[in-house]
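Below: the structure, in structure tokens.
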Protein chains: 2
Amino acid sequence: MSMHGESEVLLTPAEVASLFRVDPKTVTRWAKAGKLSSIRTLGGHRRYRESEVRALLGAASEPAEGTDKA
Amino acid sequence: MSMHGESEVLLTPAEVASLFRVDPKTVTRWAKAGKLSSIRTLGGHRRYRESEVRALLGAASEPAEGTDKA
DNA sequence: ACACACTCGGGTAATTGGGGAA
DNA sequence: GCTGTCCCAATTACCCGAGTGT
């Protein structure tokens, strides 16, 4: 066996949906809306980058950060 | 130049499956469907071209990039 | 030659995609 | 505007036993 250790970890729609506590269809909508990048299998199913999902999960919108607009 | 002549890097079904986050059997199905070229070992096992796999993996839709260029 | 992991083949559930409506 | 659920068709995942690769 060879070890390259260079692959990007991809997540299935169900995985992402589970992480966000939403329906898999909703994750699909996010991908369609361009809010989330997706890689397609040769059969057309979507795979998502774990790193990107994690980043989005970590992006909290607490009332003490972001833009002080209003 | 990046030609190795006939020394093309080949990947095993498990390798390709890992890259696409699918089951090795699914990769086999892609090969049967002609969506992916495969080379057979003398025993009948399939091997895949890394360059081809990489090219197919590059088909990712990104959210909104190239817009933040003020 | 032995052992172990992987891949082969076929068949059957589960998931996903797309559209549309609540 | 956003999400969850319905339909149906396609794709994918897991079951087995047997052969291959190192």
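The sequence lines fix the lettering, A, B, ..., with proteins before strands; numbering per chain opens at 1.
A straight line from CZ of R40(B) to C1' of dG21(D) spans 15 Å, rounded to a whole angstrom. Atom CG of L11(A) is separated from atom C1' of dT15(C) by 15 Å (rounded to the nearest Å). Atom P of nucleotide dA14(C) and atom CD of E15(A) are separated by 18 Å, given to the nearest angstrom. Note: NE2 (H45(B)) to P (dG9(C)) measures 9 Å, nearest angstrom. Atoms CG (D23(A)) and C1' (dG18(C)) sit 14 Å apart, rounded to a whole Å. Rounded to an integer number of Å, the gap from L42(A) CG to dG17(C) P is 14 Å. Atom CZ of R21(B) and atom P of dT15(C) are 14 Å apart (whole Å). For the pair R29(B) CZ and dT15(C) C1', the interatomic distance rounds to 13 Å; values are reported in whole Å.
Closest to the side chain of P24(B), from the set dT16(C), dT12(D), dT7(C), is dT7(C). In the set dC8(C), dT7(C), dG17(C), the nucleotide with an atom closest to the side chain of R47(B) is dT7(C). For T41(B), counting side-chain heavy atoms from C-beta on, the closest listed nucleotide (dG21(D), dT7(C), dT16(C)) is dG21(D).
Contact between the side-chain N/O atoms of K32(B) and the OP1/OP2 oxygens of dT7(C) is not found at any separation under 4.0 Å. Here W30(B) does not reach the OP1 or OP2 of dT11(D): none of its side-chain N or O atoms lies under 4.0 Å away. OP1 or OP2 of dC8(C) sits under 4.0 Å from a side-chain N or O of T28(B). Between dC8(C) and R46(B), a contact under 4.0 Å exists linking OP1 or OP2 to a side-chain N or O.
Nearest heavy-atom pair across F20(A) and L57(A) is CE2-CD2, 3.5 Å. The shortest non-hydrogen separation linking K32(B) to R46(B) is CE-NH2, 3.7 Å. What you find for A14(B) and P24(B) is that their closest heavy atoms are CA-CG, 4.4 Å.
The main-chain N or O of R21(B) is found under 3.5 Å from a side-chain atom of R47(A) such that the two form a donor-acceptor pair. For the pair E8(A) (side chain) and R49(A) (backbone), a donor-acceptor distance under 3.5 Å is absent.
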N/O-N/O pairs, protein side and nucleotides 6-9 of chain D side, under 3.5 Å:
none

Quiz item: Between T26(B) and T41(A), does a side chain to side chain contact (heavy atoms under 4.5 Å, CB included) hold up when you go through it step by step?
Solution: CA-CA 10 Å; T26(B) 301; T41(A) 67; over 6 Å; no
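Transitive grouping of hydrophobic side chains (ILVMFWY, heavy atoms separated by less than 4.5 Å) keeps Y48(B) and I39(B) in distinct clusters. No single ILVMFWY cluster, assembled from side-chain heavy atoms under 4.5 Å apart, contains both L10(B) and V16(B).
When the options V53(A), V22(A), L11(A), L19(A) are evaluated for a side-chain contact (heavy atoms from CB on, under 4.5 Å) with V27(A), the one that passes is V22(A).
Base-pair partner of dT3(D): dA22(C) (Watson-Crick or G-U wobble, both distances under 3.5 Å).
Note on the helix from dA3(C)-dT22(D) to dG19(C)-dC6(D): angle between the axes of the first and last five pairs equals 60°, rounded to 10 degrees.
Nucleotides of DNA chain D nearest to K35(A) and T12(A) differ in position, and the one nearer the 5' end is that of K35(A).
Separating the NE2 atom in H45(B) from the OG atom in S38(B) is a distance of 13.0 Å, to the nearest 0.5 Å.
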